[in-house]
Every structure is written in C-alpha cells, then in structure tokens.
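Residue numbers begin at 1 in each chain, while the letters A, B, ... track the order of the sequences.
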Amino acid sequence: MTLLLDAFTVAAVLAGLLFFVAGTAGLLRFPDTASRLHALTKADHLGLGLIVLGLAAQAESAGGVLRLFAVWALVLLSSAASGPILARLARRGGAGG
Amino acid sequence: MAEALGAAALLVLATVVAGLARVLRGPGIADRVMAAQLLGTGGIAVLLLLGAATGTPGLTDAALTLALLAAFATVALARGAPGEDGDPPA
Amino acid sequence: MTATVFGLLGAALVGIGLFGLLARPEPLLRILAFNLLGGGVFLVFGAVARRGAAAGLAADPVPQAIVLTGIVVAFAATTLAVALVLRLAEAEDRP
Amino acid sequence: MTAGHLADLLIAAAILALALGVVLARQVFTAVALFVAFGLLMGFAWVRLEALDVALTEAAIGAGLSGLLLLGAARRLARTGAPVDEKPPRRAQVVAIGIACATVTAALGAAILALPDPAPSLAPMVVASLPALDLGNPVTGVLMGFRALDTLLEAAVLALAVIGIWALTPNRAWGGAPGWTQPRATEGPLALLARLLPPFGIVVAAHVLWVGADAPGGKFQAAAILAAMWLLPWMAGLAAPPPTGAAWLRAAVAVGPLAFILAGFGGLLLEGAFLAYAPGAAKATILAVEVVLTGSIAVALALLVLGPAVAR
C-alpha cells in the first residue's frame, strides 16, 4: 500500500514538474504575450495541482490534506481572477522599459 | 522519498529562477506581472515540496500565506500599472 | 556554508542599496534602494543567527526576532517616506 | 556540493540580479515589479537560513503590502511628476560612488568571513527559559517574553508612523477618508476575488496567529494578512476606506500598545517588574496581548498603506 502511494506521489510530482518546466519554457520562448499567458495558466493550474495531489498521498493527517488543497484552491482562484486582468493589460500593450 | 521530493523542490526552484529572466527583460508590463505570478506559484510549489521532504508543517503554512499574498500582489500589480484606468481625471 | 553565502549576499546588497541611494535621482527609487540596503543588513543578521545554531535549535532565535521587528519597522519607515514624497510632489505641483 | 548548497547559490544569484535590476531600472514601475520579486526570493533565503518566522513576515510585508504601497505611489508620481527635479550625477561622480559602495561591501564581506568560530549564541539561554513561558516557538518567546520591551516599542512605532502620516494631511482634507477613489468593479474577476479571498484570509490569519505560540507564525504575520484582506475590497472599489476622523479607527490603532502597556504594569504590580508575567499565567497573558495587538497592528498597517486623507 505504501509502495503504491509512493509510486503515485512520484508519478504525480514528476508530471507536475513537467508542467512547470514547460510553463517556464513557454514564458521564456513564446513570441508574444498572449501565448505566454496561455503557457503560464497551464503551469499554474496543472503543475501545482499535480504536485498537490502527489503530496496529499503522503500527508499524515486530514488537516495536512486540507491545507494542501486550500493552497491549490487559492492559486486557482487568484489565477482565474488575474488572467483576464492580465489579458486586458497585454491587449492595451502597456509598454514597459 | 525525502530525497526525491527535495530534488523536485530544487528543480522547481531552478525553473522559477529561469522565469526571472522574463521579469528582468519584460518587455511589456503584462509580461513582468505574469512572470512574477509564475514566480509566486512556483514558490508555493517549492515550499510545499520542501515541507513534505523535511516534514516541516510550518512550510505549508508559509505556502498558504504566500498563496494569499500572491493573489493580492498580482491584483496590486495589475491595478497599479501605468495606464490602467484607475484614477479619476486630475 | 549557507550562512556564509547569504551573509556575503547581505554585504553585496548593502553596497547595491547604497549605490542606488546615492546615484539615482528619483525619490521613489531611492526608497527602494534603501529597502535593499535594509534587506542586506537583515540577511547579515540572519547569517549570524544561523551560525549560532545550538541547544537543539537550528538558529539563534534572538537575532531572528530582531530581524522580524526590523522588517515591520522598516515597512513603517517606508510608508512614511512615501507619504512625504507624495506630499512634496503635491506641494511642488501647486503654483 | 549538496542540493541544499545548489539551492543557496541559485537563490543568492537571483536576489543579486534582481537587486541590480531595481537599482538600474529605467522606469519606476519596472523597479517596483522587480522589488516585489525580490521580496519573494528573500522569503526563500529566510527558509534556507532556518528562519521560517521571518520568511512568513517577508512574504506578507515585503512582497504583498510593500508592492501595493509602492505601485500606488509610482502611479501618483507619474501624474504629478517627481517632487524635486534633481539632475542625475555626472559620470565621474557615479564611478566614485560605485568605488565607495564596493569598498563598503568588501569591508562587510571581510567581517562576515572573519566571524568567530564557534559562533556565540543565545539559543541555550532561550531554550532554558522557554518552559517558564509555556511556549514552543522560541522566536515568539523572545518577542513576547525576553525582549518584550522591544516588541512594545515596535507597536508604538507603528502607531507613531500612522500619526506621522496623518500629520501630512492637507488642512481641508483633515478627518476625511484616506486613499484615492478606485473604479468600482461590481462584477468580473476582480470583484469575485475581492469577495472570496477575505474570508479565506481571515481563517488563515487566525491559524497563523494561533500556531505562532508553538510553530512559526505570530501576530505580525497574521496582522499583515488581515491588513491585505481589508485592503482588497478597497482595491476593487467595493468598499471605501473609513474616514480618519472616526473615533473607533483611532481607538483601534491605540488599543494594541495600550493593552501591552497595561499587561506590563500588571507585571509591575504582581511580580515587581515591568512586563513580568505571573508564573502559570504567562501563556494566557501573552496570547491575550497578542490577539489585541494583531487587530491593532492590522489596522495600523492598512492605514500606513492607505496614506493621509485626501481632499475630495
């Protein structure tokens, strides 16, 4: 059972890592802001979500699991809210220096 | 398991630091804010992984605080950006 | 090793902050530079605290508590400085 | 070289790059965005230095509240123009300043490399005295027990800073509401966030305050979270900040330091020393003072970010 849980954790965290690497690569390499935003939201939603899932399998108490999912919920909420704000900002093409 | 999670934390940290290049380079304001947001999310992941690797529940609390304040900071950055139609005409 | 790395980083931040404070004319950037300087000093405290690990604690809690107070006081000072700059700008604005 | 040391070098290099970026930024907004990222990475540095209490504070104040304050200031300055038209220093001056600052860094770095080994530490004394306070978190013990006078003065400094900022109010705005009006966001993502986040945040703040007795956390961290949650509806334009003339607001700022002073005199009366805690009642007294202080500090922090009242 522990072995199965450990295997699940490793698989989920690895998959989460993949999304983080991909998200950062997209942020660095994609040519325009809109596609960078697209890359970022993937890393936010899935990368962290998979890591949370993987770690939840290792948590020792129900409180630990609850806090892990609270973190994920908060990040989902804030990225859902800030995505459109960022898109508006990008469309207006605020030029920085 | 602890070593594997610690290594995962290090890898996420490395991607976060790489993402800093976008905060430094820009060019647009949205790019900088976005990169700062990825920094926040990545930071949360690092803290969670490290907390599980070292068995420190305090790190999960730190991640929770960071998640709250990252949401706050993103809104502040987006609202505070020059040109964001926030002010009444002076 | 960790303490030395961040202690040296603290020393570098003090220099960088000092440079910004003296070489940049923009008042807001000076406030930011001052905060970098403060961050450097705090890191030096943190390095000293980490080196003082003893009695089962990973670091000496006394310098850590001082840094904690320092961060809050530095924030209060920053808000006051920002308010002063804004008020000054308003005063200059008026003919 | 272990993974931990690799992480140290990564974090240190990133902080160094961001600090240079802040000082050399061409635009103030860029500098502020970099400074927010700087605060976040400083949080990592504190985690690596085994200072979780400090990491929590840095994440809340350095990245969150400072960011909002400085962005608001940058935007207002962009409208009014810089207060003093100072000329940038000449090239020769910049070089001289650079050499002087590098010397300071070199001297400080040499001092750090020359620190005595083994390092002096107060940790054994703190650990030996901690059972008397019935606390598990040594940093809270130092803040509320052994160096309580510092913490009391710090609470007073926050109240004084509020008074200082209010003293900058223009005559015709005296007693009015601080901060400038935000456009109302009744629907859309921002309004959703401003409505959903505060309940979450209040629960997290209570948790951080409560565990602060035995684990990393405490009043400053909780107060910073509460202040941010209070500012959020204002940022979305859903609520207006209260007028600075309101009596309850002024009372809220003052009650924290006053409660602390009261507890101090209680110690003088019962135990014969200012801020001494009665044996057995130490933890209860500390927790009671901390709860009141948290509310007071949260209000003070929010007012500090909002600034003086503005004429409307």
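In this structure, CZ on C/F45 lies 13.5 Å from CG on D/L49, to the nearest 0.5 angstrom. Taking CZ of D/F220 as the reference point, atom CZ of C/F75 lies at 13.0 Å (rounded to 0.5 Å).
With a 4.5 angstrom heavy-atom cutoff, D/V139 touches chain C via backbone and side-chain atoms both. D/I112 touches chain C through its side chain: at least one heavy atom from C-beta onward sits under 4.5 Å away, while N, CA, C and O do not. For chain C, no part of D/F146 is nearby; none of its heavy atoms comes within less than 4.5 Å. With a threshold of 4.5 angstrom between heavy atoms, D/P118 does not approach chain C through any atom at all. Heavy atoms closer than 4.5 Å to chain C are found in the side chain of D/V127, but not in its backbone.
Neither side chain, D/D150 nor C/T69, offers a donor N or O lying under 3.5 Å from an acceptor on the other.
Of all the listed residues (C/L21, C/T4, C/L13), the one sharing the greatest number of non-hydrogen pairs under 4.5 Å with chain D is C/L13. Chosen from C/L43, C/V44, C/V67, the residue pairing most often with chain D at heavy-atom distances under 4.5 Å is C/L43. For the options C/A47, C/A11, C/G52, heavy-atom pairs under 4.5 Å to chain D are most numerous at C/A11. With chain D as partner, the option from C/L84, C/L22, C/L32, C/V14 having the largest number of non-hydrogen pairs under 4.5 angstrom is C/L32. Put simply, of C/V5, C/V48, C/I16, C/T78, the one with the most heavy-atom pairs under 4.5 Å next to chain D is C/I16. Annotation: maximal heavy-atom pairing with chain D below 4.5 Å, among C/G20, C/G40, C/A12, C/A59, occurs at C/A12.
Judged by distance alone, the side chain of C/R51 and the main-chain N or O of D/A119 form no donor-acceptor pair under 3.5 Å.
Annotation for D/E154 and C/L68: closest pair OE2-O, 4.3 Å, computed over non-hydrogen atoms. In this structure, C/R50 and D/E50 approach most closely via the heavy-atom pair NE-CG, 3.4 Å.
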